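Just so it is clear, the structure is predicted and the values come from calculations on it, not from any experiment. Start at 1 and go down the list; that is how both ligands and their atoms are numbered.
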Amino acid sequence: MIPSHVTLVEVGPRDGLQNEAQPVSAAHKIELVHRLQAAGCREIEVTSFVSPKWVPQMADNAEVMAGIARPPGVRHSVLTPNMKGLEAALAAPREHWPDEVVVFGAATEAFSQRNINCSIAESIERFRPVVAAAHAAGLKVRAAISCALGCPYQGEVSADEVERVVLLMKGIGVDHCGVADTIGVGTPSRVQAALERALKHYPLVEVSGHFHDTYGQALANIHACLQLGVHNFDTSIAGLGGCPYAKGATGNVATEDVVFMLHGMGIHTGLDLDALVDTGGWISGVLGRPPVSRAGRALLARRGTAAAVA
Ligand code: HMG
Ligand code: MG
């Protein structure tokens, strides 16, 4: 039942950097994508086409999309919460288009209002033409359902509330359903219950987990998903990130930590852990702080010790 291969969607450049208060140059964002590609990442969430007033850090979206190399076999996605976002993403020459777009709804009304300024029902009506136009342009559409395990404004969230939004996403033709624990409060059995609702309506290959590690539960939650056969997860290099509309939310689970666990379990990822550790160390240096990834820090320390002994 446990999958032999797992695909990680690297969300560091988007989810990781969107919340950074200090400016991060487009050149650094582009270099981050290149380093991730060199480490074997085949799915990268690069940026978002959202309001620059709401998320200033992503204002350089077009510049970043135009600056990244597009090696064959690598899929690049961007967030597009409305037609304005999709039109902006597709205003570039075709070679700079994303391969996939992400619409992001919420399992709770309160978070929907805070994050995208509309009700759940209104969000679905905004996503409907985005899905149709993206499909017409040949792009895949992924959904993220935020606050599926808990909401900073509402509190507890039930699996019924998650399933309601899963069905709404399915109804407008979204191809892939991501279940997101935005504030990291989920624990393994509740995570399985939420994912099972997505699996009722989407095939296994089109369901993913997106776990923030705020309460240290993310690896356990990924392990719980593996037991359901789920084999797609979002992760963030060096554990970067947080959501500007979820106060206190830390980054997604660190890519290095997840890869360390999966490789230790004999599960293939196609990723080069050493190169990821280098990349995590590099971007953390750019941001002026140590990597949040425990595996990243441990492996960097071990290298330092080995270098000192040599
Ligand atoms: P709105 O204010 O309701 O939209 O924003 P509006 O249509 O009323 O327009 C207001 C202004 O925004 C106008 O500009 C529009 O042109 C502009 P003005 O006339 O005032 O100068 N605008 C846009 N500009 C650029 N790109 C656009 C766009 N749309 C409108 N696409 C909107 C609605 C969703 C755009 C806004 O609320 C927004 O940008 N919110 C930010 C949402 C966001 O990026 N959140 C973080 C990502 S989600 C996340 O991190 C969770 C996730 O990781 C999963 C998880 O962990 O849960 C995915
Ligand atoms: Mg997130």
Heteroatom proximity flag, P81 to ligand 1, N/O under 3.5 Å: no

Give the numbers and elements of all ligand 1 atoms closer than 4.0 Å to a heavy atom of G85. 31 (N)

Heavy atom under 4.0 Å from ligand 1: found in H212's side chain, backbone, both, or neither? side chain

Between CZ of R297 and OG of S284, what distance do you get to the nearest 0.5 Å? 9.5 Å

Is K84 close enough and on-axis enough to F49, meaning under 6.0 Å and within 45°, for cation-pi? no

Under 3.5 Å, N or O to N or O, is C147 touching ligand 1 that way? no

Close approach, P52 and ligand 1, non-hydrogen under 4.0 angstrom: yes

Of V253, D234, T182, V9, the one forming a side chain to side chain contact (heavy atoms under 4.5 Å, CB included) with H210 is D234

At less than 4.0 angstrom from any non-hydrogen atom of A180, what atoms of ligand 1 do you find? 54 (C), 55 (C), 57 (O)

Could you check whether E163 pairs with K200 (Lys NZ or Arg NE/NH1/NH2 to Asp/Glu carboxylate O, under 4.0 Å)? yes

Will you find, in the side chains of D15 and S236, an N or O donor that is under 3.5 Å from an N or O acceptor? no

Can you confirm whether R126 is buried at CZ, in the sense that more than 12 heavy atoms of other residues, nucleotides or ligands lie under 6.0 Å from that atom? yes

R14 to ligand 1, any heavy atom closer than 4.0 Å: yes

Test of geometry: compute the angle NE2(H212)-the Mg ion (ligand 2)-OD2(D15) and round it to 10°. 100°

With respect to the Mg ion (ligand 2), what is the nearest N, O or S atom of H210? NE2

Closest heavy-atom approach to atom 29 (N) of ligand 1 among N82, V55, I116, N115 is made by N82

Consider only side-chain N and O atoms of T269 and H263, and report whether a donor and an acceptor are under 3.5 Å apart. yes

Against heavy atoms of D15, which atoms of ligand 1 measure under 4.0 Å? 50 (O), 53 (O)

Quick check: does S48 get an N/O under 3.5 Å from an N/O on ligand 1? no

Report, as yes or no, whether the 6.0 Å neighbourhood of atom CD on E156 holds more than 12 heavy atoms from other residues, nucleotides or ligands. no

At under 4.0 Å between heavy atoms, what of E87 touches ligand 1? The answer is neither

Does a side chain donor of either E161 or S158 reach within less than 3.5 Å of an acceptor in the other side chain? yes

Please could you name the atoms of ligand 1 that S146 approaches to less than 4.0 Å, counting only its heavy atoms? 51 (C), 54 (C), 55 (C), 57 (O)

